[in-house]
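Residue numbers run from 1 in the order of the sequence given.
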Amino acid sequence: MAVADVVKLITENDVKFVDLRFTDTMGKEQHVTIPAHVLLEDADEWFERGHAFDGSSIAGWKGIQASDMLLMADPATAKIDPFFDEPTVFMSCDVIDPADGKGYDRCPRSVAKRAEAYLKASGIGDTAFFGPEPEFFIFDSITWGTDMSGCFVKIKAEEAAWASAEEFEGGNTGHRPGVKGGYFPVPPVDSSQDIRSAMVLLLEELGVPVEVHHHEVATAGQNEIGTKFSTLTQRADWTQILKYVVHNVAHSYGKTATFMPKPIVGDNGSGMHVHQSIWKDGKNLFAGDGYAGLSDIALYYIGGIIKHAKALNAITNPGTNSYKRLVPHYEAPVKLAYSAKNRSASIRIPHVASPKGRRIEARFPDPLANPYLCFSALLMAGLDGIQNKIHPGDAADKNLYDLPPEEDKLIPTVCASLDEALAALDADREFLTRGGVFSNEWIDAYIDLKMKEVNLTRMTTHPVEFAMYYSL
């Protein structure tokens with residue numbers, strides 16, 4: 001969509017406002033709104049000028065002494081917002097540092113564009129395709145509290161396995177999935193069918209192609225909407241739209257949705273499996289005649305991800321809660337191995353009918369990850385594997401959760417905590433900084449930002465500690 005198309009979209013739909021959106025380091029979309037007439041007065045000049053805002057107010061960004069930043073709207077992303085009362089067009093923006101006119105080094109969307117540029121400059125390929133599968137929960141309500149008197153969290157979900165004895169207005173129907181029983185009985189056991197369908201219709205209206213939707217394994221409303229793969233930056237844009245739609249449709253139904261990786265104790269957490277492939281001149285470079293139809297390039301790409309997995313965890317699994325999901329026996333891929341069949345491996349090669357669809361699937365990321373940063377970091381690790389011909393070794397086709405101890409200790413694992421992942425990122429960062437994709441300053445600021453989360457959880461007394469220690 002060109003600038004003229006945006007003007008046409010605004011005028012033909014009597015749009016009153018333009019909403020400018022960008023993503024912060026944490027992965028949350030931020031926005032500022034202008035009256036549509038501000039853009040229409042001179043659209044070409046407006047798109048070239050950008051919109052000024054205070055970057056110092058964004059966690060992990062500019063200091064107060066250098067706070068002026070510019071939002072540069074991407075006209076290709078213009079869509080009419082389906083939730084606002086007043087007709088509003090929204091657009092994704094790049095954050096530009098006016099000091100040099102370049103993408104701000106801490107702007108996630110600018111990082112993604114630099115990663116795509118680095119791929120082309122490397123000569124290895126010209127396009128990286130990504131296809132994430134973010135899972136999420138839909139609850140009836142959620143309450144929590146933390147203060148000096150104590151802390152608690154309470155999830156209310158009529159679909160939850162623990163709700164069988166509760167009284168609800170209109171009665172308790174008794175139809176609900178048990179623990180690990182959500183994949184995937186028909187309604188009324190699956191209570192989210194109509195909500196997911198409403199989400200799907202809006203996603204497709206907003207230009208995000210949907211391939212499937214269904215209930216996921218966990219009780220209490222775990223769901224997934226499968227959307228089509230695309231190029232790195234666009235696919236990250238689409239992931240942000242998906243999160244926005246999921247949150248707001250759930251809200252409109254009087255419910256609440258979360259992409260938190262492990263909100264429920266004792267059942268599966270929410271992952272974000274990320275499918276990836278590299279192409280050049282219209283050819284899938286991952287297709288070959290090796291294991292599971294992979295090329296050497298694809299195997300080296302896997303080798304790079306496995307080599308840098310612990311550093312990647314700081315970006316692909318960026319919360320303290322992420323590591324409550326990464327434990328064995330909850331379909332969590334903790335073992336750094338690859339396989340065509342084994343879902344306990346961290347890298348899976350999906351079965352496809354055509355070599356064009358050949359790809360690898362990283363299974364350890366979760367939907368708390370900032371998609372721009374997550375996809376860029378995975379690409380950079382894979383490219384390092386290709387450039388240095390890092391072979392991942394033999395495939396693992398056994399159940400990796402139940403290996404004999406002598407075999408188990410030979411297979412490396414993902415990190416067990418966020419602080420371990422941040423230490424790994426600090427020590428293993430060079431592959432990310434190639435081509436200026438990630439800067440050392442960004443990595444330092446990111447580690448500082450995330451260590452605040454680590455320290456907050458370290459010093460907060462947990463209810464389970466009372467169960468373990470109160471009477472000792």
Side-chain angles (χ1 to χ4, degrees), residues 26-28 130-142 144 153 155-157 159-162 177-184 190-192 195-196 199-200 203 210 212-227 236 238-251 255-275 312-313 315-334 343-344 346 348 361-371 373-375 378 414-415 418 421 453:
M26 302 292 284
K28 187 64 177 177
F130 283 79
E133 299 175 344
E135 298 165 340
F136 57 94
F137 281 88
I138 301 174
F139 301 137
D140 293 331
S141 72
I142 178 82
W144 68 83
V153 60
I155 297 168
K156 292 185 179 180
E159 191 193 272
W162 64 78
V179 174
K180 294 191 177 186
Y183 193 85
F184 30 40
D190 172 8
S191 67
S192 304
I195 299 178
R196 290 195 310 270
M199 293 170 178
V200 166
L203 283 168
V210 176
V212 67
H213 75 84
H214 57 84
H215 202 288
E216 259 297 341
V217 173
T219 189
Q222 190 184 35
N223 295 276
E224 181 179 323
I225 297 173
T227 49
W238 287 358
T239 302
Q240 295 298 75
I241 291 174
L242 183 147
K243 285 188 170 185
Y244 179 69
V245 167
V246 167
H247 280 136
N248 281 280
V249 170
H251 188 72
K255 296 181 182 292
T256 178
T258 181
F259 290 88
M260 188 175 175
K262 191 74 170 180
I264 295 177
V265 178
D267 209 337
N268 282 24
S270 292
M272 183 175 73
H273 307 152
V274 182
H275 298 252
L312 288 172
N313 285 154
I315 297 171
T316 60
N317 308 88
T320 58
N321 183 255
S322 298
Y323 299 88
K324 292 176 171 61
R325 166 184 169 256
L326 291 176
V327 293
H329 302 296
Y330 290 92
E331 293 194 16
V334 296
R343 292 175 184 265
S344 62
S346 60
R348 190 175 75 94
E361 174 193 2
R363 294 178 61 81
F364 55 83
D366 67 55
L368 205 60
N370 182 320
L373 304 178
C374 174
F375 305 161
L378 288 166
V414 296
C415 289
L418 180 57
E453 299 175 24

**Item:** Least distance between heavy atoms, T316 atom then A369 atom
**Value:** O-CB, 3.5 Å

**Prompt:** H215 side chain to Q222 main-chain N or O, any donor-acceptor pair under 3.5 Å?
**Reply:** yes

**Request:** Indicate the atoms forming the closest heavy-atom contact of M260 with S270, along with that distance.
**Result:** O-CB, 4.0 Å

**Message:** Has Q240 got a side-chain atom pairing as donor or acceptor with N370's backbone, closer than 3.5 angstrom?
**Reply:** no

**Request:** Indicate the atoms forming the closest heavy-atom contact of L378 with P365, along with that distance.
**Result:** CD1-CG, 4.5 Å

**Message:** Within the 4.5 Å heavy-atom criterion, are T227 and W238 side-chain neighbours or not?
**Reply:** no

**Fill in**
Smallest heavy-atom separation, F139 atom then I264 atom, equals CE2-CD1, 4.1 Å

**Item:** Inter-residue atom distance M272.CE - C374.SG, 0.5 Å rounding
**Value:** 4.0 Å

**Request:** Can you see which heavy atom on D267 is nearest to which on V179, and at what distance?
**Result:** OD2-CA, 3.5 Å

**Asked** Do H273 and E224 meet the criterion of a side-chain donor-acceptor pair at a distance under 3.5 Å?
**Response** no

**Asked** How about Y183 and E216: do any of their side-chain heavy atoms sit closer than 4.5 Å?
**Response** yes

**Message:** Just verifying a value: how many Å separate F364 CZ and E361 CD, rounded to the nearest 0.5 Å?
**Reply:** 11.5 Å

**Message:** Ignoring hydrogens, what is the shortest heavy-atom contact between F259 and P367? Give both atom names and the distance.
**Reply:** O-CG, 3.2 Å

**Request:** Please list, chain by chain and in numerical order, all residues satisfying salt bridge (charged side-chain N to carboxylate O under 4.0 Å, His left out) with K243, sequence neighbours excluded.
**Result:** none

**Asked** What's the spacing between K324 NZ and D366 CG if we round to 0.5 Å?
**Response** 12.5 Å

**Message:** Testing I138, V210, L242 one by one against M199 for a side chain to side chain contact (heavy atoms under 4.5 Å, CB included), which residue passes?
**Reply:** I138

**Request:** Could you pull out all residues at least two apart from T219 that satisfy side-chain hydrogen bond (donor to acceptor under 3.5 Å, both in side chains)?
**Result:** none

**L312 CG to S346 OG distance, which is reported to the nearest 0.5 Å** = 10.5 Å

**Request:** Anything under 30° is parallel, anything over 60° is perpendicular, the rest tilted; go ahead and classify F184 against H214.
**Result:** perpendicular

**Asked** Is there side-chain contact between L326 and N317, with heavy atoms separated by less than 4.5 Å?
**Response** yes

**Item:** Atom pair CG/NZ of N268 and K262 - distance to nearest 0.5 Å
**Value:** 6.5 Å

**Prompt:** About how many Å separate CG of N223 and CD of E159, when rounded to the nearest 0.5 Å?
**Reply:** 7.0 Å

**Prompt:** Under 4.5 Å between any side-chain heavy atoms of F137 and I155, yes or no?
**Reply:** no

